[in-house]
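Inspection log for the structure reproduced underneath, given as structure tokens.
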Protein chains: 2
Amino acid sequence: MKATPVRLKVLEVLSTTHLALSPSELESSFSKVDRITLYRTLKDFEEAGMIHKIIDTDGVTRFAFCNNNCPDATHTEDHVHFNCKKCHKMFCLAHVQTPSLQLPDGFTSTGINTVVHGICKYCS
Amino acid sequence: MKATPVRLKVLEVLSTTHLALSPSELESSFSKVDRITLYRTLKDFEEAGMIHKIIDTDGVTRFAFCNNNCPDATHTEDHVHFNCKKCHKMFCLAHVQTPSLQLPDGFTSTGINTVVHGICKYCS
DNA sequence: TAATAAACGCAACATTGTTGCATCTGATTA
DNA sequence: TAATCAGATGCAACAATGTTGCGTTTATTA
Ligand SMILES: [Mn+2]
Ligand SMILES: [Mn+2]
Ligand SMILES: [Zn+2]
Ligand SMILES: [Zn+2]
């Protein structure tokens, strides 16, 4: 994977925030970037396990820097996300683990997405 | 709200399954239905608290019958959903409550979406 | 510097969802 | 039962998001 300007910028933006950003939010971090290139960049990073994808409460796809040193896309999403209903930001709560739960017989889990919605620290 | 054929059929389909269905899945329950009418029907039912919306692991919007007798769209989503990665079906696990968790200072929760992914009872 | 595999940029397309507006219809009333 | 009309429908048009093919450009390596 080559170190290109778009990739470096995306990594820089995602690695310096605790927010999960949508493709269009990332697009506005650039003065000019091709939308398709951005989508491909995000897909490549996700498959490499460098970032993780998370769908917010409104169905918007978002990406966040992965701090888990995962080898590839099989990385485990073990933390909770918080979606503020006022500012619509999505926070990675890296220190809040997803609680475990008891599934009915026959169902086996390979991961849990927990998205809490409410009012964030900065909006309350 | 008038009892029209589309509405009756949507209610019938959703009330006789434990799955959360996407608009396009619902569309194929009909021999012929206008896509826009279906979207409006789902929106109306959701605002009336008769069904609830849930986004699956792949970002697909799905709707499920609400068994909670909620007065309106402020109904509480208190159960866990299970998304099978093989058949891609989404199950309402009505008897599995969303576990509570401890948020960082300043964050207040008004609801939690928990989507478990893995292999369902019928695919394992 | 030259070669080349990878990344980019553009066009074209698919899917999902929304809005405006004219027409139709189901519940209510006369 | 028949007329009425608010509300539901169907169509066109549009917006947002995401994907693929393909020719061109660029970063790395030799
Ligand atoms: Mn995260
Ligand atoms: Mn449900
Ligand atoms: Zn906020
Ligand atoms: Zn399954």
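Reminder, nothing fancy here: chain letters follow the sequence lines and each chain counts from 1. Everything numeric here is computed off the predicted structure, so don't read it as measured data.
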Nucleotide [N], atom [atom2] - distance to [atom1] of [X] in whole Å:
| X | N | atom1 | atom2 | result |
| --- | --- | --- | --- | --- |
| B:Phe45 | D:dG7 | CZ | C1' | 14 Å |
| A:Leu8 | C:dC8 | CG | C1' | 15 Å |
| A:Lys43 | D:dG18 | NZ | P | 12 Å |
| B:Met1 | C:dA27 | CE | P | 13 Å |
| A:Glu47 | C:dA7 | CD | P | 12 Å |
| A:Asp34 | D:dT26 | CG | C1' | 15 Å |
| A:Leu38 | D:dA16 | CG | C1' | 15 Å |
| B:Arg40 | D:dC11 | CZ | P | 12 Å |

*After noting the C-alpha distance and the side-chain angles of B:Lys9 and B:Val13, does the key distance pass the side-chain contact (heavy atoms from CB on, under 4.5 Å) rule?*
CA-CA 6 Å; B:Lys9 176 83 177 181; B:Val13 172; 4.2 Å; yes

Any idea which of [options] is nearest the [X] side chain?
| X | options | result |
| --- | --- | --- |
| B:Arg7 | D:dT9, C:dC10, C:dA12 | D:dT9 |
| A:Thr4 | D:dC11, C:dC8, C:dT16 | C:dC8 |
| A:Lys2 | C:dA27, D:dT26, D:dT17 | D:dT26 |
| A:Ile36 | C:dG17, C:dA7, D:dT20 | D:dT20 |

*Would you please classify the geometry between the B:Tyr122 ring and the A:Phe107 ring as parallel, tilted or perpendicular, with 30° and 60° separating the classes?*
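Aromatic pair A:Phe107/B:Tyr122 classed perpendicular.
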
*Ignoring backbone atoms, test whether A:Thr37 places a side-chain nitrogen or oxygen under 4.0 Å from the OP1 or OP2 oxygen of C:dA7.*
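Answer no for this pair, as no side-chain N or O of A:Thr37 is under 4.0 Å from OP1 or OP2.
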
_D:dT17, OP1 or OP2 - any side-chain N/O from A:Thr61 closer than 4.0 Å?_
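For D:dT17, neither OP1 nor OP2 has a side-chain N or O of A:Thr61 closer than 4.0 Å.
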
*How close do A:Glu46 and A:Phe63 get, heavy atom to heavy atom, and via which atoms?*
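Heavy atoms of A:Glu46 and A:Phe63 come nearest at OE1-CE2, 4.4 Å.
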
*Which heavy atom in B:Gly106 sits nearest to a heavy atom in A:Ser124, and how many Å separate them?*
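Scanning both residues completely, I find the closest heavy atoms to be O-OG, 3.5 Å.
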
_Trace of the side-chain contact (heavy atoms from CB on, under 4.5 Å) decision for B:Leu14 with B:Leu21_ = CA-CA 8 Å; B:Leu14 288 184; B:Leu21 301 178; 4.0 Å; yes

*Kindly state which residues belonging to residues 18-27 of chain B come within less than 4.0 angstrom of DNA chain C, counting heavy atoms of the residue only, listed by number.*
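B:Pro23, in order of number.
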
_Qualifying residue for side-chain contact (heavy atoms from CB on, under 4.5 Å) with A:Leu101, from B:Val116, B:Leu93, B:Thr98_ =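 The side-chain contact (heavy atoms from CB on, under 4.5 Å) with A:Leu101 is passed solely by B:Val116 among B:Val116, B:Leu93, B:Thr98.
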
*For the pair B:Arg35 and B:Tyr39, evaluate side-chain contact (heavy atoms from CB on, under 4.5 Å) and give the outcome as yes or no after the intermediate values.*
CA-CA 6 Å; B:Arg35 203 171 56 89; B:Tyr39 278 118; 3.7 Å; yes

_Closest-nucleotide ordering on DNA chain C, the 5'-leading residue of B:Tyr39 and A:Lys32_ =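 Mapping each residue to its closest nucleotide by heavy atoms, the 5'-most match is A:Lys32.
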
*Just checking B:Val6: base, sugar-phosphate only, or nothing, at a heavy-atom cut-off of under 4.0 Å?*
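Sugar-phosphate, backbone atoms only, no base.
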
